[in-house]
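This report concerns only the one structure given below.
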Amino acid sequence: MILTKRHYLMIGGSVLLAAVLTLAATTLPDRSDPVTLPENTAIRVTLDQALSSDLSKPGDRFDATVSEPVVIDGKTAIPQGAHAEGWVVDARQSGRLMGRARLQLALQSVAVDGNGYYVRTVASPRIGRDHKKRNLAWIGGGAAGGAVVGALAGGGTGALIGGPIGAGAGTTAALLTGKKDIKLAPETPVTFKLAEPVTIKVKG
């Protein structure tokens, strides 16, 4: 194929255009505006995985998804659907007769437009239910039931014997069923609040 003068002009024009576009891309200013999220800004997420007070350990990592956009002065700083990561601050499993379960989480980072931003957040710990009333009901109910059975079987002496036996049975039932751990399923909503401001670049 013989290149004519017209071909050379076309090739030269294409090279020049590519050079101009490359130069423009490198010299155009970054059209992103920094937006600062103040302290106490709420970041609402849903968990991507299950967490629980009896299986999770302090320091464990978890993934989450931003469930509501964070908007500051009309600009969306963190869009809905943004990926977030966090960690387990504290996890204590429930005892059987005493010791309430505890689970505390913190958000550590969010990803916006491909950039990761470190965040410091606080979240109120989740505390499991108290055992006291439930255990008293089990033990007291067992003692009363044992006394009734004992009274029917052997009069007053039977009641004296049946009461402690029933209380023991109630205590055993409380031991077997008394754990009240905190379990958070995937897609559980959790709200975190910023402990300090964070600046995020938002595309203009």
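The analysis underlying the following values was restricted to heavy atoms, covering all of them including side chains, and did not include hydrogens, waters or symmetry mates. These numbers were taken from a predicted model, which means no experiment stands behind them.
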Short side-chain donor-acceptor distance under 3.5 Å, [Y] and [X]:
X    : Y    : result
T36  : T199 : yes
D181 : S53  : yes
Q108 : R120 : no

Which heavy atom in [X] sits nearest to a heavy atom in [Y], and how many Å separate them?
X    : Y    : value
V88  : K57  : CB-O, 3.4 Å
E39  : P197 : N-CG, 4.1 Å
Q49  : D63  : OE1-N, 3.0 Å
V119 : S109 : CG2-N, 3.7 Å
R102 : D90  : NE-OD2, 2.7 Å
P58  : A91  : CG-N, 4.0 Å

For the atom pair [atom1] ([X]) and [atom2] ([Y]), what is the distance rounded to the nearest 0.5 Å?
X    : Y    : atom1 : atom2 : result
I78  : I72  : CD1   : CD1   : 8.5 Å
R44  : K193 : CZ    : NZ    : 8.0 Å
L107 : Y118 : CG    : OH    : 10.5 Å
Q93  : I182 : CD    : CD1   : 11.5 Å
I200 : T76  : CD1   : OG1   : 11.0 Å
D48  : H83  : CG    : NE2   : 7.0 Å

| request: Could you walk me through whether L105 and V89 pass the side chain to side chain contact (heavy atoms under 4.5 Å, CB included) test, one step at a time? | output: CA-CA 5 Å; L105 311 175; V89 178; 5.9 Å; no
| message | I'd like to know if K203 pairs up with D33 as an ion pair, taking the criterion as any Lys NZ or Arg NE/NH1/NH2 lying under 4.0 Å from an Asp or Glu carboxylate oxygen. | response |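 Answer for the salt bridge query: no.
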| request: Dump the intermediate steps for side chain to side chain contact (heavy atoms under 4.5 Å, CB included) on V45 and F192, then the final yes or no. | output: CA-CA 8 Å; V45 305; F192 298 92; 3.7 Å; yes
Within the 4.5 Å heavy-atom criterion, are [X] and [Y] side-chain neighbours or not?
X    : Y    : result
V190 : L47  : yes
N40  : L194 : no
F62  : L51  : yes

| Within a radius of less than 6.0 Å around CD of E196, do more than 12 heavy atoms belonging to other residues, nucleotides or ligands occur? |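 More than 12 within 6.0 Å, yes.
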| request: Give a yes or no on whether N115 atom CG has more than 12 heavy-atom contacts from other residues, nucleotides or ligands under 6.0 Å away. | output: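 More than 12 within 6.0 Å, yes.
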| S52 side chain to L55 backbone, donor-acceptor under 3.5 Å |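 Side chain of S52 to backbone of L55: a pair is present.
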| message | Hydrophobic clusters here meaning ILVMFWY residues chained together by side-chain heavy-atom distances under 4.5 Å, can you tell me if V110 and W87 are in one? | response |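 V110 and W87: separate clusters.
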